[in-house]
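Proteins come first, then strands; the chains are lettered A, B, ... in the order of their sequence lines, and each starts at number 1.
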Amino acid sequence: MRLVTFAGPPAGGKTTVLCKIIKCFKNEGIPVGAVKFDCLQTEDDRIFGAMGIPSKKGLSAELCPDHYFITNIPDVYNWGQKNDLEYLFTESAGLCNRCSPYIRNILSICIIDQLSGINSPQKIGPLLKLADMVLITKGDIVSQAEREVFYRRVQMANPHGEIYFVNGLTGQGIYEICERIKELSSECVLEEQTLRFPMPMALCSYCLGETKIGEEYQIGNVKKIG
Amino acid sequence: MMNKTIRELTEQYPYINIYLDDFDINFDENRSFEENLKQQPDHFFEQRKMSFKEVLDEFEDYLDKAKAILEESIENVDDITIYPGKGKDGVPEPYEEITVHPGEIIAIVGETGSGKSRLLEDIEWQAEKDTPTGRTVIINGMSKKERRKTSGRQRLIAQLSQNMNFVLDMNVDEFLKMHAECFVSQGEVEVLVKKVYETAISLSGEEFSLNSSITGLSGGQSRALMIADCAYISRAPIVLIDEIENAGIDIQRAMKILVGSEKIVFIATHDPVLALFANKRIVIRNGAVSKIIERNEEEEKALHEAEKLYGRLLYLRNRIRSGEKISQFGGMA
Ligand SMILES: Nc1nc2c(ncn2[C@@H]2O[C@H](COP(=O)(O)OP(=O)(O)O)[C@@H](O)[C@H]2O)c(=O)[nH]1
Ligand SMILES: [Mg+2]
Ligand SMILES: [Zn+2]
Ligand SMILES: [Zn+2]
């Protein structure tokens, strides 16, 4: 089984694009499954389930979703193997700009949308920088110039990755993405891999759910404005 | 490269700020990256689980790759050829191939829903019998697979359609500068921006200033700006236009400007002047190319007549817009 991780800022088109990719694999008779990682609530697993594939969700609640991801991915991986999947896709909302769920040797795809603003390529950090493939959505509603500027910025944030425009609504570009996924992904023993980017330890007490304000509640890796 | 100061590097390649910003450190601009790195405390490296040398090597690798991308030139397109597929009823299309060269305009005409956009999509996709029509589109005699290694397929093609709008919160000047900076050096930006701006104004027939917000432009103004920008800043050699409303812009001059920049233009249109202006027009019926018409002498005459009429309509439009009372038009005396 090959694991492929999808990540990106909320509402960037991850679920929409992933559904199109799943459809493309299903049409070829390849058994795929999908797992959605989110913070508090998600219906995405049902959307995947409605496509007639094994699906699952994991809610991180008060934990950083990426920390939660990495501690649960072995179980999810086993679940995928039990379901005889050939490809297991995971979707995580990039809610933490410090972290990324990318694992070495596991194909990592970042989905980012044109409407997220011209500075988003430099704002989302390792999520974009360390991806093997970057898919840019919503190019269908902006000008050619904006697409070119955005593309350039994505290139400069991640000059190593392959960058594609896709249209989540019409599916334009998806076929090629599926071909690239097949070529770039590989089977490997999950337990032998490491994270591409160390996740900062729960940065501070607030990462762990603290709500009170004041010096005495600030525990851990705290940085002062100066 | 590596021994240049941060200032020298960012002046030459402003984009590397995207990478440097990520470190969250205040770089001393008068020192090199390495010297800056030496100033970092141990926990900087611990946090990254990387040694001094690893961070340095990664930066060097980044610089090499980024520099290569910035200096990469786009593939020249010598020709694009369309090979037939099938229509909605499965009947093979009746032509052997359609080959187009830089500087040519191809109009795509046909009823609404006949499949004009589908043909544009096949071109955009560089179809290889892998779309519903089964058509094949070959650029420079090269398949998609081969092309991936050289330049991206997608960057050869610029697209303009009714649904595409400016969304950034910027004024015309900032916006054009930002786009120009993607491709030319700082020294050339200003001249290029001026050229695009002046062209856009002359195409739209409606003044707007360099300070106007791009999202506040009228339909005609923004189409004019998109076309001028596409002609002079964008490097994509192939331009696909899907039924943009003509909104009072001098669409024919717009096309001349695009082909003047040695672009190949495919335009789906219902506009008779534009269709006649194209070197060839592809007629689509029921999902298939049904005819390919080349402009002959007769049609050229028709084009001249149509142009005159259109010019007068445009003039009338401007007079009405500027509040004149119309006392003379056409046969009216
Ligand atoms: N115009 C346009 N809308 C898109 C595109 N991709 C996704 N969307 C829309 O963007 C919204 C958010 O998409 P979704 O897949 O839920 O984002 P997620 O949060 O990243 O999973 C939905 O309303 C989609 O229909 C695209 O390529 N073009
Ligand atoms: Mg989603
Ligand atoms: Zn985190
Ligand atoms: Zn925190």
Side chains of A/Tyr151 and B/Arg155: is there a donor and an acceptor less than 3.5 Å apart?
yes
Classify the side-chain pair B/Glu124/A/Gln172 by whether it contains a donor and acceptor separated by less than 3.5 Å.
yes
Options A/Gln122, A/Glu148, A/Gln114, ranked by heavy-atom pairs under 4.5 Å with chain B, top entry
A/Glu148
Who wins among B/Met50, B/Met170, B/Glu121 for the most heavy-atom pairs under 4.5 Å with chain A?
B/Glu121
Top of B/Leu70, B/Asp169, B/Asp21 for chain A proximity - count of heavy-atom pairs under 4.5 angstrom:
B/Leu70
Check this for me: [X], atom [atom1], are more than 12 non-hydrogen atoms of other residues, nucleotides or ligands nearer than 6.0 Å?
X: A/Glu179; atom1: CD; answer: yes
X: A/Lys182; atom1: NZ; answer: yes
X: A/Asn27; atom1: CG; answer: yes
X: B/Lys65; atom1: NZ; answer: yes

Test A/Ile118 against B/Met178 for side-chain contact (heavy atoms from CB on, under 4.5 Å), laying out the working first.
CA-CA 10 Å; A/Ile118 208 68; B/Met178 184 180 70; 3.9 Å; yes
Say you draw a straight line from [atom1] of [X] to [atom2] of [Y]; how long is it, rounded to the nearest 0.5 Å?
X: B/Glu72; Y: A/Gln155; atom1: CD; atom2: CD; answer: 6.5 Å
X: A/Ser143; Y: B/Asp229; atom1: OG; atom2: CG; answer: 7.0 Å
X: A/Thr194; Y: B/Lys49; atom1: OG1; atom2: NZ; answer: 11.5 Å
X: A/Asp140; Y: B/Gln159; atom1: CG; atom2: CD; answer: 9.5 Å
X: B/Ile69; Y: A/His160; atom1: CD1; atom2: NE2; answer: 8.5 Å
X: A/Lys129; Y: B/Glu58; atom1: NZ; atom2: CD; answer: 6.5 Å

For [Y], does its backbone N or O pair with a side-chain atom of [X] as donor and acceptor, under 3.5 Å?
X: A/Glu146; Y: B/Val167; result: yes
X: B/Arg48; Y: A/Phe197; result: no
X: B/Tyr62; Y: A/Met156; result: yes

side-chain contact (heavy atoms from CB on, under 4.5 Å) assessment of B/Glu181 paired with A/Val149:
CA-CA 9 Å; B/Glu181 279 163 2; A/Val149 169; over 6 Å; no
Select one option (side chain, backbone, both, neither) describing which atoms of [X] are under 4.5 Å from chain A's heavy atoms.
X: B/Gln162; answer: neither
X: B/Tyr13; answer: neither
X: B/Asn163; answer: both

On the ring face of A/Tyr175, is B/Lys129 found with NZ or CZ under 6.0 Å from the centre and within 45° of the axis?
no
The test is side-chain contact (heavy atoms from CB on, under 4.5 Å); show your working for B/Met226 and A/Gln144 and say whether it passes.
CA-CA 8 Å; B/Met226 282 183 196; A/Gln144 177 68 23; over 6 Å; no
Residue A/Arg153 versus chain B: region with a heavy atom under 4.5 Å:
both
Considering all heavy atoms of both residues, which atom of B/Arg235 and which atom of A/Arg152 are nearest to each other, and what is their separation?
NH2-NH2, 4.2 Å
Nearest heavy-atom contact between A/Pro159 and B/Ala66 is CB-N, 4.1 Å
